[in-house]
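Reading through the structure tokens given below for one structure.
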Amino acid sequence: QVHLVESGGGLVQPGGSLRLSCAASGRTFDTYAMAWFRQAPGKEREFVTTIKWNSGSTDYADSVKGRFTISRDESKNVVYLQMNSLKPEDTAVYYCAADLTHYSGKFYYRANEYNYWGQGTQVTVSS
């Protein structure tokens with residue numbers, strides 16, 4: 001079992017920045033990758049970014065590439081999402097997810113490929 005807790009959401013003006021954190025506890029040594037997804041009202045949950053836990057390799061959705069950065073602190077079992085140049089369309093509940101299943105070396109982008117989820121944190125971008 002892995003327990004994930006997100007924090008850092010809030011209200012920010014367009015063009016502003018926020019940093020989300022996801023603290024992991026439990027069987028974290030089996031983690032293959034961590035990811036951030038988001039879900040806006042009336043929309044499906046969508047992939048934002050992912051990081052392979054051992055190598056630190058990352059990948060991003062085109063909509064956030066160049067604005068968002070995912071990173072991890074292995075010593076603290078924490079994953080961060082630095083979000084810059086925020087836009088109103090970034091407004092959503094952001095979820096942290098952990099993949100303890102795969103060992104293929106590939107990136108995974110679908111929500112059903114991740115085993116554990118946090119409770120989510122609201123990000124609202126509005127003037």
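None of the values given here were measured: they were computed from a predicted structure.
- Taking the side-chain contact (heavy atoms from CB on, under 4.5 Å) definition, one finds that Ser7 meets it with Ser21, sequence neighbours left out.
- Cluster annotation: Val123 is not connected to Phe47 through the hydrophobic network of ILVMFWY side chains, with a link wherever side-chain heavy atoms come within less than 4.5 Å.
- Residues Val93 and Leu18 fall into different hydrophobic clusters, defined by Ile, Leu, Val, Met, Phe, Trp and Tyr side chains chained together at heavy-atom separations under 4.5 Å.
- Residues forming a salt bridge (charged side-chain N to carboxylate O under 4.0 Å, His left out) with Lys76 (at least two apart in sequence, or on another chain): none.
- Every residue two or more places apart in sequence or in another chain that forms a salt bridge (charged side-chain N to carboxylate O under 4.0 Å, His left out) with Glu113 is listed here: Arg110.
- Taking the side chain as every heavy atom from C-beta outward, Glu46 and Arg38 approach each other to under 4.5 Å.
- At least one donor-acceptor pair under 3.5 Å links the side chain of Glu6 to the backbone N or O of Gly120.
- Among residues at least two apart or in separate chains, there is no ring pair (Phe, Tyr, Trp, His ring centres under 6.0 Å) pair with a member in residues 67-98.
- At least one donor-acceptor pair under 3.5 Å links the side chain of Ser104 to the backbone N or O of Lys106.
- A pairwise comparison of heavy atoms in Leu20 and Gly9 identifies CD2-N, 3.5 Å as the closest pair.
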**OP:** Go through the steps to decide whether Phe37 and Tyr114 satisfy the test ring pair (Phe, Tyr, Trp, His ring centres under 6.0 Å), and finish with yes or no.
**Re:** CA-CA 11 Å; Phe37 287 75; Tyr114 289 81; 5.4 Å; yes
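- Nearest heavy atom pair, residue Leu4 against residue Ala24, reads CD2-CB, 3.6 Å.
- The salt bridge (Lys or Arg N to Asp or Glu O under 4.0 Å) analysis of residues 12-23, with sequence neighbours excluded, yields no pairs.
- Minimum heavy-atom separation, Asn115 to Leu100: OD1-N, 2.5 Å.
- Lys52 places no side-chain N or O within 3.5 Å of a backbone atom of Phe107 that could act as its donor or acceptor partner.
- Checking side-chain atoms of Glu44 against main-chain N and O of Gln39 turns up no donor-acceptor pair under 3.5 Å.
- For Arg67, the salt bridge (charged side-chain N to carboxylate O under 4.0 Å, His left out) partners at least two apart in sequence or on another chain are Asp90.
- Annotation: side chain of Tyr60 is in contact with side chain of Ile70 (closest heavy-atom distance under 4.5 Å).
- Interatomic distance, OG of Ser126 versus CG of Leu11, reported as 6.5 Å (0.5 Å rounding).
- Sorted by first and then second residue, the disulfide (SG to SG under 2.5 Å) pairs with a member in residues 33-66 form an empty list; sequence neighbours excluded.
- Contact between Trp53 and Asn77 at its shortest, heavy atoms only, is CZ2-OD1, 3.7 Å.
- Not a single donor-acceptor pair under 3.5 Å links the side chain of Asp59 to the backbone N or O of Thr50.
- Residues satisfying the salt bridge (charged side-chain N to carboxylate O under 4.0 Å, His left out) criterion with Asp73, sequence neighbours excluded, are absent altogether.
- Among the candidates Met34, Gln1, His3, the single residue satisfying the side chain to side chain contact (heavy atoms under 4.5 Å, CB included) test with Tyr116 is Gln1.
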Would you tabulate the side-chain donor-acceptor contacts of residues 81-88 under 3.5 Å, counting partners in other chains and residues two or more places apart, or write 'none'?
| residue | atom | partner | partner atom | Å |
| --- | --- | --- | --- | --- |
| Gln82 | NE2 | Asn84 | OD1 | 2.9 |
| Asn84 | OD1 | Ser17 | OG | 2.9 |

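- Identified under the disulfide (SG to SG under 2.5 Å) test for residues 81-127, with sequence neighbours left out: Cys22-Cys96.
- Under the side-chain contact (heavy atoms from CB on, under 4.5 Å) criterion, Lys43 pairs with Ala40, not counting sequence neighbours.
- Atom-to-atom distance recorded for Ile51:CD1 and Thr31:OG1 is 12.0 Å, nearest 0.5 angstrom.
- The backbone N or O of Gly105 sits less than 3.5 Å from a side-chain atom of Tyr32, completing a donor-acceptor pair.
- Taking Thr91 as the reference, Gln122, Thr124, Val125 meet the side-chain contact (heavy atoms from CB on, under 4.5 Å) condition, with sequence neighbours excluded.
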